[in-house]
Undergrad: 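Okay, handing you the structure first.
As a basis for the values below, the full set of heavy atoms in this structure was taken, side chains included, without hydrogen atoms, waters or symmetry mates. Order of appearance sets the numbers: ligands from 1, and atoms from 1 within every ligand.
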Amino acid sequence: MGKDLVFDDDPVETEEWVQSINSVIENAGVERAQYILQRMSSKVTETGAQLPYAINTPYRNTIPVSKEARMPGDLFMERGLRSLIRWNAMAMVMRANMKDSTLGGHISSFQSSATLYDIGFNYFFRATTDEQQGDLVYIQGHSAPGIYARSYLEGNLTEDQLDKFRQEVDGDGLSSYPHPWLMPDYWQFPTVSMGLGPIQAIYQAHIMKYLGHRGLTDPADRKVWCFTGDGEMDEPESQGAIGLAGREKLDNLIFVVNCNLQRLDGPVRGNGKIIQELEGSFRGAGWNVIKVIWGRHWDPLFEKDKLGLLQQRMDEAVDGEYQNYKSRDGGYTRKEFFGKYPELLEMVEDLSDDAIFRLNRGGHDPYKVYAAYSAATRHEGQPTVILAKTVKGYGLGLAGEAQNYTHSVKKLDLEALKEFRDRFDIPLPDSDLESVPYYRPPEDSTEIRYMKERRAALGGSLPGRKSDFEALTIPGIDVLGALLKGTGEREISTTMAFVRILSALIKDENIGRRIVPIVPDEARTFGMEGMFRQLGIYSAVGQLYEPTDAGQLMYYREDQDGQVMEEGINEGGAFCGWLAAATSYSNHGVPLIPFYIFYSMFGFQRVGDLCWAAGDLQARGFLLGGTSGRTTLNGEGLQHQDGHSHILASTVPNCVSYDPAYAYELAVIIHHGLNVMYVQKQAKYYYITVMNENYIQPEMPKDCEEGIIKGMYLLKKNSRKNSKKVVQLLGSGTILRESIAAAEILKSEFGIEADIWSVTSFNELKREGDSVSRWNMLHPEEEPKLSHVELCLKDARGPVIATTDYMKNYADQIREFIGSTYNVLGTDGFGRSDTRKQLRNFFEVDRYFITVSALDALVKENVIDGTVVKEAIDKFGINPDKPDPSLL
Ligand SMILES: Cc1ncc(C[n+]2csc(CCOP(=O)(O)OP(=O)(O)O)c2C)c(N)n1
Ligand SMILES: [Mg+2]
C-alpha cells in the first residue's frame with residue numbers, strides 16, 4: 001500500500017504535482033486529467049505497486065457542488081412536512097406501546113432516513129396510472145411507521161388506522177412491516193427479513209429488462225428503488241447478486257443505502273468505514289457509486305481546505321468516532337475531530353459548538369440527496385448505489401440520538417418529547433404532549449396542498465399495490481393429451497414428462513409467450529437443453545460469440561428475446577427471478593407463468609425465507625423440485641438427497657405442494673394449477689416434485705382427476721368383498737411403485753389383499769382434513785363432515801400403510817383421519833450414495849419392508865399372528881438388528 005498521506009516527506013514536490021493536474025483540469029478538462037492519471041497509474045502498476053485509491057475515492061461526496069442538480073421545490077415547506085411525518089411516525093409507535101408495551105416498533109431507523117424517502121416521494125417515485133407504469137420501491141422494513149405517517153398526511157390513512165399500528169387481528173390495522181398479504185392494496189414488497197429486499201430488487205430490475213426485450217412490456221425509464229440499511233448490507237443476499245446487476249447493466253435499478261453507521265447492537269464498522277467498504281464492493285461489481293457523505297454546511301469548510309487537511313482528517317476518522325461526534329456535542333467534535341490539527345481548529349474558530357453540531361450529514365441534506373437521485377435516475381449503462389451518510393435516531397437528542405441502544409428506543413419521556421417538538425417545530429403545546437397526539441394541518445392548508453400536488457405530479461400516492469389482473473385463457477387439458485395416454489412400453493421419468501408438458505404449453509397461442517422457464521445451471525440435468533435452441537436463452541446483449549456447439553441441433557443459443565432464464569449457479573437469484581415473474585401480474589399488469597426447476601434439495605432448504613416471502617407476495621407460478629426423493633436420486637449422496645422439502649413446503653400457507661408418481665398426475669396438477677392461479681385468480685403458488693427414475697407411465701384411469709387434486713385416489717382395488725385379510729397401501733412419488741410391488745407379494749406369499757392408493761399430496765390431505773375437523777368442532781350440533789381421507793377410506797377395510805420417499809412426518813400428518821392402525825414408512829436420516837435398491841432397503845421403504853409393515857399392522861389389528869411377521873422377516877433376509885437408518 002502507499003504511504004500514509006499524513007507523512008509527506010516532500011510537500012513542495014507534492015504541491016507541484018497537484019498544481020500540474022489542476023492546470024490540466026483547467027486547460028484541457030477533467031477527461032484529459034483522467035486520461036493522464038490512468039496512464040500514470042498504469043505506469044506505476046508495472047512496478048507491482050498497489051495504488052491506494054484503485055477503487056475507493058476519498059471520503060467525500062461523489063458529486064461536486066458545481067455539478068449538483070438544483071432541487072426545484074420549497075425547502076422550508078418540505079422541511080415542515082417532513083417534521084410532521086417524523087412526529088407522527090414517532091407518535092404512532094409510542095401510542096401503540098402506551099396501549100400495550102409488548103407491541104413494539106421502531107422509531108430511530110426512519111428518523112435517520114426521513115429525508116431519503118421524502119426527496120424520493122416529492123420528486124422521483126412515480127405512481128402507476130393509466131398513462132404510466134410506476135416505479136417500484138422497496139422500503140426498508142422497519143421504516144414502515146414513516147411511510148404510514150406520510151400516507152396519513154396525504155389523507156390515505158386515518159388516525160384510527162394509525163392507532164391500530166401492529167394490531168391487525170380485528171380488521172384494518174397496520175402491519176408491523178411491509179406485508180402485501182396483510183395490506184394487499186398498499187405494500188408491494190416484503191422487505192423486513194434483512195437481505196431479501198436487495199436481492200429481490202435486483203431481480204425485479206432484471207426481469208423488467210427481460211420483459212422489455214421480449215416485447216411483453218415497455219419499461220420506458222421505469223425504475224426499481226431499493227432502500228436498505230448499512231447493517232443489512234452484511235447479509236449475503238444483499239450483496240450476493242450485485243455482480244449480476246453490474247454485468248446486466250441494470251440502469252433501471254437504484255439502491256439507496258442508509259448509512260447511519262449503526263445496526264441493532266451498535267456500530268456497523270466501528271473500526272472502519274462502511275461507506276468506503278461498500279463503495280469498493282459496488283464499484284468492483286460494476287455499479288455507479290454516488291457517495292452522499294457531507295451536507296451543504298460543510299461546503300464552505302471544503303472551500304477553505306486548500307491543503308487537503310480536512311479531507312485527510314475525514315479519511316482517517318473511523319465510523320466509531322463519527323458516531324461519537326453525533327452522540328455527544330459540538331464541543332466534543334471540535335476537540336476530537338478538528339482538534340487533531342491546529343489548522344483545522346483554526347478553520348472552525350468562527351463556528352459555535354452548536355454550529356459545529358449542525359454541520360450536517362449528506363443524507364439529511366435535501367439538496368445533496370436531490371442531486372444524487374437526479375444523477376442516479378439519469379445515469380445510463382450501470383445500476384447506481386447511493387451511499388448516504390445519516391445519523392441513527394436523528395433528532396431524538398436526549399432519547400438516544402446515535403447511541404448504541406438507539407435501535408430499540410420505543411418511547412420518549414416528556415423532556416425528550418419537548419426537545420423533539422422544539423427541534424422540529426411541531427405546533428403542539430406542552431399540555432398536549434403527554435398523550436403524544438398526531439398532528440395534521442387542515443386539509444386546505446398550504447402544506448397539505450403542497451404535499452398532494454407533489455404526488456399528483458408524479459401520478460398519485462404511493463405505496464400502492466394492484467391485486468387484480470386480466471384472467472388468462474388456459475387451454476383445455478387435451479393439449480396435454482399425450483401425457484394422459486401413458487407411454488406404452490417406453491419408460492420415462494416424471495421430469496421428462498414435465499418437459500413435455502412445458503413444451504406443449506409453450507406452443508399454446510394464448511399462454512405460450514407468457515411462460516418463463518427458469519433454471520439455475522441445471523437444464524441439462526433435467527433434459528431441457530432442447531429449449532436452448534428452440535426458445536433461446538435470454539441475454540440482454542444477444543450472443544457475441546459463436547457457441548462451440550453451433551453446428552448441433554440443440555446448440556447453446558443466447559438471444560435478446562430468449563425466453564429461458566438461465567440464471568447460473570445461484571438458487572437464491574433464480575428464485576428471485578421467479579418471484580419477479582410470479583408477481584408481474586401486479587407490478588406490470590402482465591401475468592406471467594414462471595416455471596422454476598431446480599434440484600429439490602436446493603429449493604426450500606436453501607432459500608426457505610424467500611419461499612415464505614413468495615407467499616406474502618402472492619406469487620403465482622410453479623416451482624419444480626427436480627431429482628427429488630431421498631432414495632430416488634441415488635448416487636449423489638447425503639447433501640443432494642431430499643427427503644424433507646415437502647415438509648418445508650407445507651409451512652407456507654398458500655403454497656400447494658404435490659409429489660406425483662405418474663405423468664398424467666403431473667399433467668392434471670399443472671393444468672389445474674393454471675386454472676386456480678390465472679383464471680380463478682387464487683393467491684397460491686405450486687411446488688411439485690419430479691423424479692429422475694424412468695418407468696412406464698400408465699394411462700390415466702377414469703375419474704381420478706378430483707382425487708389427484710385433493711391428494712389421494714384409489715389406483716387399484718384388489719380386495720374382494722367379505723375377505724378379512726385386507727390392507728390399504730398408500731404410496732406417493734416413485735415409492736408408489738414399491739407399494740404396488742408389495743401388494744403382489746402380500747397376495748402371492750401371504751394371501752393378503754391390498755388396495756392401492758396413489759397419494760399425490762399428504763400436505764393437501766392434511767390441510768383439508770384440519771379444516772374439516774375445525775368446522776366439526778365449531779359446529780357441534782350439525783352433521784359432522786368427513787375429510788377427503790375419511791371419505792376415501794370409509795368403505796375400505798383393514799389397516800393402512802403409507803410409504804413415501806420423504807420423512808415419516810410427511811405421511812404421518814394424516815393419522816388423525818385414519819380410523820384404523822396406521823403404519824408409516826419414510827426416509828428419516830441422512831442420505832448416502834448407493835443404488836436405488838440398496839437405499840430403499842437401507843431406509844426401509846422397499847416392497848419387502850412395506851410387506852413386513854403390512855403384516856405388522858394386521859397383527860396389531862388381531863387379524864394374523866405375530867409369527868407371520870417373523871416368517872416374512874426371515875424370508876426376506878432382513879436383519880432384525882439392522883441399525884436404525886434415522887440415526888446413522
Ligand atoms: C434476517 C434478519 N435478521 C435480523 C433481523 C432483525 N433486525 C431488524 S432491524 C435490524 C438492524 C438493522 O440495521 P440496519 O440495516 O443498519 O438498519 P437501520 O435501522 O440502521 O437503518 C436487525 C438486526 C431481521 N429483521 N432480519
Ligand atoms: Mg444502520
Undergrad: Can you report which non-hydrogen protein atom sits closest to atom 6 (C) of ligand 1, along with the distance?
TA: L264 CD1, 4.6 Å

Undergrad: Going by the ring pair (Phe, Tyr, Trp, His ring centres under 6.0 Å) test, name the single residue among Y117, W187, F110 that passes it with Y148.
TA: W187

Undergrad: How about N260 and Y394: do any of their side-chain heavy atoms sit closer than 4.5 Å?
TA: no

Undergrad: Determine whether more than 12 heavy atoms belonging to other residues, nucleotides or ligands lie under 6.0 Å from atom CZ of R296.
TA: yes

Undergrad: If you count the atoms of ligand 1 from 1 in the order shown, which ones are under 4.0 Å from a heavy atom of R263?
TA: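 Taking each heavy atom of R263 in turn, ligand 1 has 13 (O), 16 (O) under 4.0 Å.
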
Undergrad: Taking the Mg ion (ligand 2) as the vertex, measure the angle between atom OD1 in N260 and atom O in Q262; round to 10°.
TA: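 Taking the Mg ion (ligand 2) as the apex, the two atoms subtend 90°.
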
Undergrad: With atoms numbered from 1 as shown, which atoms in ligand 1 lie under 4.0 angstrom from a non-hydrogen atom of S193?
TA: 1 (C), 26 (N)

Undergrad: Parallel, tilted or perpendicular for F337 and W298, by the 30°/60° rule?
TA: perpendicular

Undergrad: Within the 4.0 Å heavy-atom shell around E232, which atoms of ligand 1 are there?
TA: 14 (P), 15 (O)

Undergrad: Determine, for D234 against R269, whether the closest basic-nitrogen to carboxylate-oxygen distance falls under 4.0 angstrom.
TA: yes

Undergrad: Measure the acute angle between the ring planes of H646 and Y687, then classify it against the limits of 30° and 60° as parallel, tilted or perpendicular.
TA: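 Correct class here is tilted.
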
Undergrad: Does Y322 have its ring centroid less than 6.0 Å away from the ring centroid of Y325?
TA: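 Yes: the rings meet the under 6.0 Å criterion.
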
Undergrad: May I ask you to list the atoms of ligand 1 that are less than 4.0 angstrom from any heavy atom of N258?
TA: 21 (O)

Undergrad: In the protein, what heavy atom is nearest to atom 25 (N) of ligand 1, and what distance, to one decimal place, separates them?
TA: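 In this structure, atom 25 (N) of ligand 1 has V192 O, 2.9 Å as its nearest protein heavy atom.
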
Undergrad: Are the aromatic rings of Y123 and Y373 close, with centres under 6.0 Å apart?
TA: no

Undergrad: At less than 4.0 angstrom from any non-hydrogen atom of Q140, what atoms of ligand 1 do you find?
TA: 17 (O), 18 (P), 21 (O)

Undergrad: To check your reading of the model: name the closest protein heavy atom to atom 19 (O) of ligand 1, its residue, and the distance in Å.
TA: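 Of every protein heavy atom, S109 OG, 2.5 Å lies nearest to atom 19 (O) of ligand 1.
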
Undergrad: Tell me which protein heavy atom sits closest to atom 20 (O) of ligand 1, plus the residue, atom name and distance to 0.1 Å.
TA: K392 NZ, 2.7 Å

Undergrad: Indicate yes or no: at least one non-hydrogen side-chain atom of F575 is less than 4.5 angstrom from one of Q200.
TA: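 Heavy-atom side-chain distance check fails, nothing below 4.5 Å.
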
Undergrad: Within less than 4.0 angstrom of ligand 1, does H106 place any heavy atom?
TA: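 The answer is no: ligand 1 sits nowhere under 4.0 Å from a heavy atom of H106.
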
Undergrad: Which ligand 1 atoms, with their elements, are less than 4.0 angstrom from a heavy-atom of N260?
TA: 18 (P), 20 (O), 21 (O)

Undergrad: Without swapping roles, check the side chain of T583 against the backbone of L579 for a donor-acceptor pair under 3.5 Å.
TA: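 Yes, the answer is positive, given that a donor and an acceptor are paired below the 3.5 Å cut-off.
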
Undergrad: Evaluate the ring planes of F125 and F121, with Trp represented by its six-membered ring, and classify them as parallel (under 30°), tilted (30 to 60°) or perpendicular (over 60°).
TA: perpendicular

Undergrad: By number and element, which atoms of ligand 1 are closer than 4.0 Å to a non-hydrogen atom of H407?
TA: 9 (S), 10 (C), 11 (C), 19 (O)

Undergrad: Run the numbers for me: atoms of ligand 1, each under 4.0 Å from some heavy atom of G231, listed by number.
TA: 14 (P), 15 (O), 16 (O)

Undergrad: Would you check whether Q262 has a nitrogen or oxygen atom less than 3.5 angstrom from a nitrogen or oxygen atom of ligand 1?
TA: yes

Undergrad: Looking at the Mg ion (ligand 2), which N/O/S atom of D230 is the nearest one?
TA: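 The closest N, O or S atom of D230 to the Mg ion (ligand 2) is OD1.
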
Undergrad: Can you tell me the protein heavy atom closest to atom 4 (C) of ligand 1 and the distance?
TA: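 Checking every protein heavy atom, the shortest distance to atom 4 (C) of ligand 1 gives M194 CG, 4.0 Å.
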
